[in-house]
Structures are given as C-alpha cells and as structure tokens.
Amino acid sequence: MDQLVREWPPGFGGVERVAHRIALELKGKVFTLRPAKQSPEPLAVDYARSFLLSISMGKIIIPFPSKDLMGLLISQKPLLGHLPCPTVLLICLVSRLINPNRYIAFYWHAFLHKRPGLLGLFEDIYQRIALKIIRFFPVICTSPILSKALQDEGIPARQINYLPCAISPEAEYQLSLICQERSRFGYSPTGTLIVIGRLDSYKRVDWLIRVLSEIPAAKKLIVVGDGPDRLRLEELARKFKSPGQLVSFYGRVDEKLKYKLLANADALLLPANNCNEAFGIVQLEAMASGIPAFAFDLPRSGMYWVSQLAGSPWSGQLKDFTGTLEKLLLDDELYKKLSLRARDRYDYEFSNQIWRYRLTEIRKGSV
C-alpha cells in the first residue's frame with residue numbers, strides 16, 4: 001500500500017510517525033508534499049519515499065507536474081491518504097477519477113478546531129467538504145472516539161476502521177526495559193513531571209506553567225520539544241514557578257535522550273485544549289514505560305480515552321487537574337496502581353501485536 005502525506009516521515013509529528021509505522025510494516029512507497037526538515041533521520045527508514053516537488057502558499061501546497069506525481073496518479077496500487085490536508089484530498093480524488101477501480105482510503109487523524117479569522121474560515125470549509133467526500137471511501141481513524149464523531153458527521157459505520165497510532169517494535173522493547181527498571185526500584189514518585197511536544201499555542205504548555213505553583217508536590221517540570229512559543233514559555237517559567245520548583249527546557253532531542261528523560265518522570269502531561277490534538281504517540285511511549293499520562297477529555301478528541309486508566313481519580317476535567325496530580329505525587333499506593341495499569345493498558349490495547357492484527361484486518365479490504 002502506498003501512502004500520501006503532507007510532511008516527510010518519520011519526522012516528529014503524529015501524522016508522519018503513523019505513516020512511518022505503516023510503511024515499516026507494509027513496505028509501500030510514501031509520497032510527501034514537503035521535503036525533509038531534519039538531518040539525520042530521527043528514526044531508521046527502510047522504505048521508499050518520494051518528494052512531490054511543490055510550492056507552499058501559506059497553508060496551501062501546490063504540487064508541480066512531475067514524473068512522480070503522474071506515477072502516483074495513474075498507479076493501480078492501493079493508496080492511503082493522510083488527512084487533514086486539502087492537497088492530499090485533491091490528489092486522491094484525481095487518482096480515483098483516473099482509476100475508478102483503485103482502492104483509496106483516507107486516514108482521518110483529527111478534526112480541526114474552529115478558530116476565528118480567514119484561515120479559520122478556510123479550514124472550516126475544507127473540513128466540511130472533506131467530510132462530505134470521505135463518506136464514499138474507506139476511512140481509518142485513531143480511536144473509537146473519532147469513529148463516533150465521524151459517524152455523527154454522516155460517515156457510515158461500516159466504512160470506518162479503527163487503527164490507533166503505534167510505536168515501533170524496537171521502541172516497544174526499549175520502553176519495556178524502562179518499565180522493568182521502574183518496577184525493580186519501586187514506584188515512589190519524585191515530583192518530576194514531563195511534557196513532550198511542539199511548543200505551539202494549542203499545546204497549552206503556557207497554561208501548565210502558570211498552574212505549576214498550584215501543585216506543591218511537583219518539584220520539577222521537564223519540557224521536551226521546540227517551536228514558536230519557546231522563548232515566551234521560558235519567560236513564563238521564570239515568572240510563575242514557585243521557589244523550589246524547577247522548569248527545564250531541553251528543546252528537540254533524539255529518541256535516546258527522550259526515553260532517558262521520560263524514565264525519570266512520574267507522569268506525562270498533555271495539556272492541549274482542542275481537538276487538533278486527537279492522539280498522542282508520546283502517551284503510548286509513557287504507558288509502555290509504566291508511566292501514567294494525563295490529557296483532557298475534549299470533544300472529538302481521543303486523547304483522554306488513550307490514557308484513561310481504571311481506578312484513576314483523573315476525570316479529564318480542567319477543575320480536577322491540579323488536585324489529581326497533587327494526590328498522585330503524594331500517594332505511593334495510588335501511583336503504583338496507576339503505573340501498573342498504564343503498562344497493562346498499553347499491552348492490551350496498543351501493543352505491536354494488537355496493532356498488527358488490526359492492520360491485517362484493514363488490509364484484507366484493500367486486496
């Protein structure tokens with residue numbers, strides 16, 4: 001199965017990492033609309049990739065006529081287009097017009113949060129059109145929450161498949177070693193929290209820094225990632241953290257250092273406040289390590305569902321956030337219970353064995 005995605009995989013974003021994981025498994029070619037931003041590669045790649053020469057006009061990407069583009073359009077191979085991206089949607093539609101019998105499916109990663117302004121209007125129009133079009137194609141989504149939201153938009157349930165994000169078998173093994181090490185040394189929290197992701201406004205790391213002082217048991221916040229908000233966030237940290245609290249910014253790091261920092265944390269925090277964030281691969285990395293992850297329960301987002309644990313006092317609501325973390329960091333028994341259940345949830349819902357089974361079932365419909 002070939003794939004079409006906006007950004008060059010494996011990258012650092014969730015969409016690119018999903019395309020990367022599927023390509024590792026199926027060995028199909030991945031076509032992208034934007035070239036690589038990072039060198040060297042953050043993860044090992046053993047599949048073919050092709051950059052479709054394009055020009056960016058703001059958020060719009062326009063591909064130039066090329067041999068690779070023509071080959072993609074006329075190919076008979078099954079094709080998976082990753083949304084949201086208007087250009088990906090358009091190219092897939094043109095290919096369907098050329099090859100009416102070609103198997104084409106769409107991977108719906110997230111609903112776009114409606115925002116003000118001209119760009120927000122454009123995104124809303126695009127999303128409405130996309131939801132009208134994909135009801136005529138097989139659709140893959142990352143969680144039962146997104147499946148229900150798609151059905152509410154009129155997509156027939158029989159056309160929707162659930163395939164969560166996944167980490168590689170190598171990463172799964174490395175993180176299992178962290179889980180074993182944590183189990184060997186016990187589950188007593190140290191007051192260390194971690195947030196991993198692009199430092200952009202919708203991630204709401206700014207809000208997290210502002211409320212950190214309301215969690216006295218939190219002694220350290222590790223911030224991994226980079227982005228346009230980094231300088232502002234560093235200034236906020238200097239202003240709002242309480243005496244005795246430390247906020248450390250590590251920027252963008254490689255996988256080895258990321259896992260090391262994660263292993264030293266008590267909990268992963270994902271304070272994003274809109275549906276642009278629908279599934280965090282870092283949630284899987286935390287749970288595979290036996291580390292609880294906390295995300296808000298947002299409409300049309302599966303973030304809360306991904307790391308929801310039986311017996312957890314976390315409701316997913318803003319009002320309970322600081323109180324839940326304070327309780328977790330002070331209660332060794334509760335922390336041990338949630339750490340064990342985090343790993344159990346990973347094993348039974350998101351492990352590579354489960355993921356491969358789901359992918360195999362989806363592939364049966366494309367051949």
Side-chain angles (χ1 to χ4, degrees), residues 178 181-182 185-254 256-273 277 280 282-283 285-287 289-297 303-304 307 309 312-339 342:
I178 293 176
E181 192 77 356
R182 284 166 52 82
F185 283 100
Y187 293 92
S188 183
T190 63
T192 302
L193 306 173
I194 188 169
V195 57
I196 303 173
R198 177 173 167 78
L199 302 185
D200 211 338
S201 57
Y202 74 91
K203 297 286 189 175
R204 294 316 312 270
V205 179
D206 58 337
W207 174 84
L208 178 60
I209 290 172
R210 290 175 188 272
V211 303
L212 186 64
S213 62
E214 300 176 23
I215 313 171
K219 305 304 180 185
K220 184 176 182 179
L221 175 64
I222 297 172
V223 182
V224 177
D226 210 341
D229 278 8
R230 179 170 177 177
L231 292 178
R232 183 173 70 90
L233 293 172
E234 290 178 343
E235 179 60 32
L236 278 176
R238 287 189 287 269
K239 180 178 179 181
F240 285 98
K241 68 181 180 65
S242 294
Q245 287 184 326
L246 178 65
V247 180
S248 299
F249 289 83
Y250 284 83
R252 182 172 286 169
V253 302
D254 60 27
K256 183 178 180 180
L257 179 54
K258 181 177 71 172
Y259 292 162
K260 181 179 179 180
L261 294 170
L262 185 61
N264 291 324
D266 300 322
L268 171 75
L269 309 180
L270 299 102
N273 68 343
E277 196 85 339
V282 290
Q283 290 175 282
E285 293 172 333
M287 290 189 292
S289 306
I291 296 171
F294 294 85
F296 289 114
D297 189 5
M303 295 283 286
Y304 175 70
S307 51
L309 303 176
S312 172
W314 174 230
S315 67
Q317 302 303 311
L318 181 66
K319 62 182 177 63
D320 298 325
F321 184 77
T322 56
T324 298
L325 285 176
E326 181 74 4
K327 182 177 182 180
L328 179 79
L329 295 176
L330 294 175
D331 189 333
D332 285 9
E333 285 303 312
L334 174 63
Y335 185 74
K336 177 181 179 180
K337 179 176 70 174
L338 295 187
S339 294

Check: [X] side chain, [Y] main-chain N or O, donor-acceptor pair, under 3.5 Å:
X    : Y    : answer
E277 : M303 : no
W314 : A295 : yes
E214 : V211 : no
Q245 : L212 : yes
S315 : Q317 : yes
D320 : G316 : no

Mind checking whether [X] and [Y] have side chains closer than 4.5 Å, heavy atoms only?
X    : Y    : value
K219 : L329 : no
L233 : V223 : no
K337 : S312 : no

Original post:
If you draw a 6.0 Å radius around NZ in K336, do more than 12 non-hydrogen atoms from other residues or ligands fall strictly inside?
Top reply: no
Would you compute the distance between atom [atom1] of [X] and atom [atom2] of [Y] and round it to the nearest 0.5 angstrom?
X    : Y    : atom1 : atom2 : result
L318 : N273 : CG    : CG    : 9.0 Å
S307 : M287 : OG    : CE    : 6.0 Å
Y335 : I291 : OH    : CD1   : 6.0 Å
N264 : T190 : CG    : OG1   : 7.5 Å
I196 : Q283 : CD1   : CD    : 11.0 Å
K256 : L261 : NZ    : CG    : 12.5 Å

Subject >> Derivation of the side chain to side chain contact (heavy atoms under 4.5 Å, CB included) call for V282 and E285 >> reply: CA-CA 5 Å; V282 290; E285 293 172 333; 3.6 Å; yes
**OP:** Go through the steps for K327 and D331 under the test salt bridge (Lys or Arg N to Asp or Glu O under 4.0 Å), then give the verdict.
**Re:** CA-CA 6 Å; K327 182 177 182 180; D331 189 333; 5.7 Å; no
**OP:** Any chance you could lay out the salt bridge (Lys or Arg N to Asp or Glu O under 4.0 Å) test for R230 and E234, step after step, and finish with the verdict?
**Re:** CA-CA 6 Å; R230 179 170 177 177; E234 290 178 343; 3.0 Å; yes
Closest heavy-atom pair and its distance - [X], [Y]:
X    : Y    : value
A293 : L270 : CB-CD1, 4.3 Å
R182 : S339 : NH2-OG, 3.4 Å
V195 : L269 : CG2-O, 3.4 Å
L309 : A342 : CD2-CA, 3.7 Å
F249 : I209 : CZ-CD1, 4.1 Å

**OP:** Could you walk me through whether I178 and L262 pass the side chain to side chain contact (heavy atoms under 4.5 Å, CB included) test, one step at a time?
**Re:** CA-CA 9 Å; I178 293 176; L262 185 61; 5.6 Å; no
Subject >> is_close_aromatic(F321, F294), centroid dist under 6.0 Å >> reply: no
Original post:
Which of these, L334, D266, L330, sits in a side chain to side chain contact (heavy atoms under 4.5 Å, CB included) with P189?
Top reply: D266
**OP:** Verify side chain to side chain contact (heavy atoms under 4.5 Å, CB included) between D206 and D229, making sure each step is shown before the conclusion.
**Re:** CA-CA 9 Å; D206 58 337; D229 278 8; 5.8 Å; no
Original post:
Between R238 and E235, is a salt bridge (Lys or Arg N to Asp or Glu O under 4.0 Å) present by the stated rule, with each step listed?
Top reply: CA-CA 5 Å; R238 287 189 287 269; E235 179 60 32; 2.9 Å; yes
